[in-house]
2 protein chains.
Amino acid sequence: MAMRIGELAERAGTSVKTIRYYDRIGVLKAEERSESGYRLYGEDALDRYRFVRAAQAVGLRLGEIREIIALRDRGETPCGFVVDLIGRRAAELDARIAELAALRDELRSLDRRARRLDPRRCDPRLVCHVIDQGA
Amino acid sequence: MAMRIGELAERAGTSVKTIRYYDRIGVLKAEERSESGYRLYGEDALDRYRFVRAAQAVGLRLGEIREIIALRDRGETPCGFVVDLIGRRAAELDARIAELAALRDELRSLDRRARRLDPRRCDPRLVCHVIDQGA
DNA sequence: CTAAAGCCTCCTCTGTAGGGGAGAGTCAAG
DNA sequence: CTTGACTCTCCCCTACAGAGGAGGCTTTAG
């Protein structure tokens, strides 16, 4: 009935280290311990593991996932919390994407400018004329 | 003529810690040391500091900036290297942006789906029906 | 019975750019 | 001469999700 950490890891397609880590930080607690201290898991551990991965895949961090699971374990429906989280994360992503896009555009224009410059006319006093210290 | 670290930091608008760190990793070496071991800098340290910041601002890392500076200090023109770096960084950014955009789209669609779901019909066996473990 | 494989805890390390603070030496002004 | 500001080196800490390994039990197969 109960499986040990190695079997769970293998069936989940992950490492023992990861499962142990999830136990430690509280996203996937071992249901119980054997007499000798071995972690024991039931079938549902596999589902829970998949949930953790699915949540990670949409950009949630383990700390947030732990909170979702804690809510659920207290018998509350974490949906509201999750929707909030998702909304905020999407907004953060928008901001981050805009930042990166601006950076990329700057890099591209630097690149174009650099191709028009003659390396031999590089000012020896500057480190590199491609990168403008804006002065 | 020579200024000490505190003056440089203040004129550069940064912290002494940062300047010391730049010295240590080699992006902004102190020109010399006083008899008592104090770092001494000339006026050009300010320019070099600005270059470092400008390079950071376009997304280069200090390790890369150090290489650019090392090239320059060996008397070579780092332009080619910089152009390469910039090109690669831009490509990386494109990939990263695409990744984040895909994630954001998934979050948005999750969000829309969640709003249509009734929280009261949440399957108690699942942690949260908003996040689909695919399975 | 024994060796191999599995499991345990605890510790350190990864990358990035520094921040915080201890303990000690140095420099200028009063 | 002393006090306070400045500087030095050295060491630990941050976020994130584990990976790697040491040293020591436990379990299982032959």
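Protein chains get the first letters and strands the later ones, always in sequence-line order, with residue 1 at the start of each. Note that this is a predicted model, so its numbers are computed, not measured.
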Sidechain N-carboxylate O distance under 4.0 Å for B:Arg20, B:Asp23: no
The helix from C:dC1-D:dG30 to C:dG30-D:dC1: angle between end helix axes, five pairs per end, rounded to 10 degrees: 30°
Of the listed nucleotides D:dA19, C:dC27, C:dC8, the one nearest the side chain of A:Ser15: D:dA19
Verdict with supporting geometry, A:Arg11 and A:Glu7, side chain to side chain contact (heavy atoms under 4.5 Å, CB included): CA-CA 6 Å; A:Arg11 288 178 59 188; A:Glu7 187 183 346; 3.6 Å; yes
Phosphate OP1/OP2 of D:dA17 contacted by A:Thr18 side-chain N/O (<4.0 Å): no
Sugar-phosphate, base or nothing in reach of A:Ser34, heavy atoms under 4.0 Å: nothing
Length of the CZ-C1' vector between A:Arg61 and D:dA15, whole Å: 9 Å
Strand-adjacent residues in residues 92-107 of chain B, judged by heavy atoms under 4.0 Å from DNA chain D: none
Expected output: side-chain A:Arg72 to main-chain B:Val127 donor-acceptor under 3.5 Å: yes
Let me have the donor-acceptor pairs involving side chains of residues 56-70 of chain A, under 3.5 Å, with sequence neighbours excluded, atom names and distances please.
from, atom 1, to, atom 2, distance (Å)
A:Gln56, OE1, A:Tyr22, OH, 3.3
A:Gln56, OE1, A:Arg53, NH1, 3.0
A:Arg61, NH2, A:Glu64, OE2, 3.3
A:Glu64, OE1, A:Arg61, N, 2.9
A:Glu64, OE1, A:Arg89, NH1, 3.0
A:Glu64, OE2, A:Arg89, NH2, 2.7
A:Arg66, NH1, A:Ile25, O, 3.0

Sugar-phosphate, base or nothing in reach of A:Arg66, heavy atoms under 4.0 Å: nothing
Nearest-nucleotide 5' precedence on DNA chain D, B:Gly6 against B:Lys17: B:Gly6
Check: C:dG25 base within 3.5 Å donor-acceptor of B:Tyr38 side chain: yes
Contact under 4.0 Å: B:Tyr21 side-chain N or O vs C:dT16 OP1/OP2: no
Options C:dG19, C:dA17, D:dT7, nucleotide nearest the side-chain atoms of B:Leu62: C:dA17
Distance test, side-chain N/O of B:Arg39 to OP1/OP2 of D:dT7, below 4.0 Å: no
Residues B:Asp73 and B:Lys29 bridged, charged N to O under 4.0 Å: no
Out of D:dT7, C:dG18, D:dG18, whichever nucleotide has its closest atom nearest the side chain of A:Gln56: D:dG18
Interatomic distance where CD1 belongs to A:Ile19 and C1' belongs to D:dG18 [whole Å]: 12 Å
Atom-pair distance (CD1 on A:Ile25; C1' on D:dA19), nearest Å: 15 Å
Interatomic distance, A:Glu35 CD vs C:dC8 P [rounded to whole Å]: 15 Å
Closest to the B:Arg20 side chain, choosing from D:dT27, C:dC8, D:dC8: D:dC8
Nearest-0.5 Å distance that lies between atom CE in A:Met3 and atom CD in A:Glu31: 8.5 Å
side-chain N/O B:Ser36 vs D:dT7 OP1/OP2, d < 4.0 Å: no
